Amino acid sequence: MEYDTIKTAMAELDEDVLLEEMRKVADGDGTAEEALEACQKGMDEVGRLFEEGEYFVGDLIFAGEIMTEAVELIKPRLAGTGGGSYGKMLIATVKNDLHDIGKNIVKIILEAGGFDVLDLGTDVSPEAIVEAARENGIRIIALSGVLTLSIESMKETVDAFTAAGMRDGVKIVIGGAPITEAACERVGADAWTKSPQKALAYCREWAQNA
Ligand code: B12
């Protein structure tokens, strides 16, 4: 399997080649995880070209569309992480952030891993997240954010749980490109990771010890 072809096709926004290669993965070539990683590396390149003024917002939108299509193709293979029923949890991209490709991938892995995931979408306010958790009796929350600014929205979200008197009753994992240990400390989340698989492991542990 030539993962470099996937990476380059993603970076060059070559939809035909990207989807052709991803269909091969869907049919059993290589591993879905490595194909996903190659897409992501291509996306990093897209981000870099955007920063350099080579690509415009329209290119980002198109990149988002083709990556979503690509991931959709390998979804059945990504979902092979084992079942079980771990109950309900919630996922959202935080306030002011419209990026949802990463969130959708995390959701696929969590669902495949046995969670019933309530997806609140993108640009979700702290109040809406707290309210949805309360209404649905949800104790495990995953927050996604790709903009640096999203770290502040995540902090506001954790603070909103505290203000609602619910902080001790929930576990919160945060993730996304700008998330680091320092960001996690600032936000006051229970865990952070960029890896959907690791997030699944945290959430399973929390569900079992709830
Ligand atoms: C595609 C894209 C867009 C698309 C998004 C389409 C969509 N449906 O999501 C659109 C066109 C909407 C967009 C808009 C903008 N974007 Co944009 N975008 C990107 C781009 C190229 C790719 C993002 C992506 O999907 N990556 C692929 C996914 C799979 O990766 P991921 O999100 O990191 O997720 C993975 C992990 O982080 C993790 N993860 C993600 N969430 C979570 C959550 C949990 C709980 C866990 C555990 C893990 C986890 O798992 C995922 C799988 O491994 C990035 C550059 C980049 N390399 O990231 C810029 C980028 C994020 N955008 C950027 C900017 C500036 C913008 C705009 C402001 C542009 C503008 N001038 O309008 C707007 C902002 C809109 C808004 N308010 O949100 C900057 C952000 C700079 C910053 N640090 O704040 C970036 C970094 C580009 C750049 N280098 O300048 N963008």
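The analysis underlying the following values was restricted to heavy atoms, covering all of them including side chains, and did not include hydrogens, waters or symmetry mates. Note that the structure is a prediction, hence the values are computed from the model and not measured. Ligands are counted one by one from 1 in listed order, and the atoms in each one are counted from 1 as well.
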Between ligand 1 and [X], can you find any atom pair, the residue atom being a heavy atom, that is separated by under 4.0 Å?
X: Pro196; result: yes
X: Met67; result: yes
X: Gly176; result: yes

Would one find an N or O of [X], backbone or side chain, under 3.5 Å from an N or O of ligand 1?
X: Arg48; answer: no
X: Leu98; answer: yes
X: Gly47; answer: yes
X: Asp44; answer: yes
X: Ser195; answer: no

Would you call [X] and [Y] a salt bridge, using N to O less than 4.0 angstrom?
X: Glu152; Y: Lys95; answer: no
X: Lys41; Y: Asp4; answer: no
X: Arg134; Y: Glu131; answer: yes

Exercise. What are the two closest non-hydrogen atoms of Ile141 and Val170, and how far apart are they?
Worked result: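 Closest approach of Ile141 to Val170, heavy atoms only: CG1-CB, 4.3 Å.
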Exercise. Is atom 1 (C) of ligand 1 in close reach of the protein, with a heavy atom under 4.0 Å away?
Worked result: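 Under the 4.0 Å cut-off, atom 1 (C) of ligand 1 does have protein heavy-atom neighbours.
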Problem set entry | Closest approach of any protein heavy atom to atom 27 (C) of ligand 1, naming residue and atom |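 Atom 27 (C) of ligand 1 sits closest to the protein heavy atom Met43 CG, 4.0 Å.
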Exercise. Can you tell me the protein heavy atom closest to atom 89 (N) of ligand 1 and the distance?
Worked result: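 Answer, as residue, atom name and distance: Glu51 OE1, 2.7 Å.
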Exercise. Has the side chain of Arg204 got a donor or acceptor atom that lies under 3.5 Å from a matching backbone atom of Gly113?
Worked result: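 Yes: the side chain of Arg204 pairs with the backbone of Gly113.
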Exercise. Hey, does the side chain of Thr162 reach the backbone of Arg167 with a donor-acceptor pair shorter than 3.5 angstrom?
Worked result: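 No, Thr162 side chain to Arg167 backbone: no donor-acceptor pair under 3.5 Å.
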Problem set entry | Between Ser153 and Asn96: side-chain donor-acceptor atoms closer than 3.5 Å |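 Not at all, the side chains of Ser153 and Asn96 share no donor-acceptor pair under 3.5 Å.
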Exercise. Quick one: does ligand 1 sit under 4.0 Å from the side chain of Leu143, the backbone, both or neither, non-hydrogen atoms only?
Worked result: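 Within the 4.0 Å criterion, Leu143 contacts ligand 1 through backbone atoms alone.
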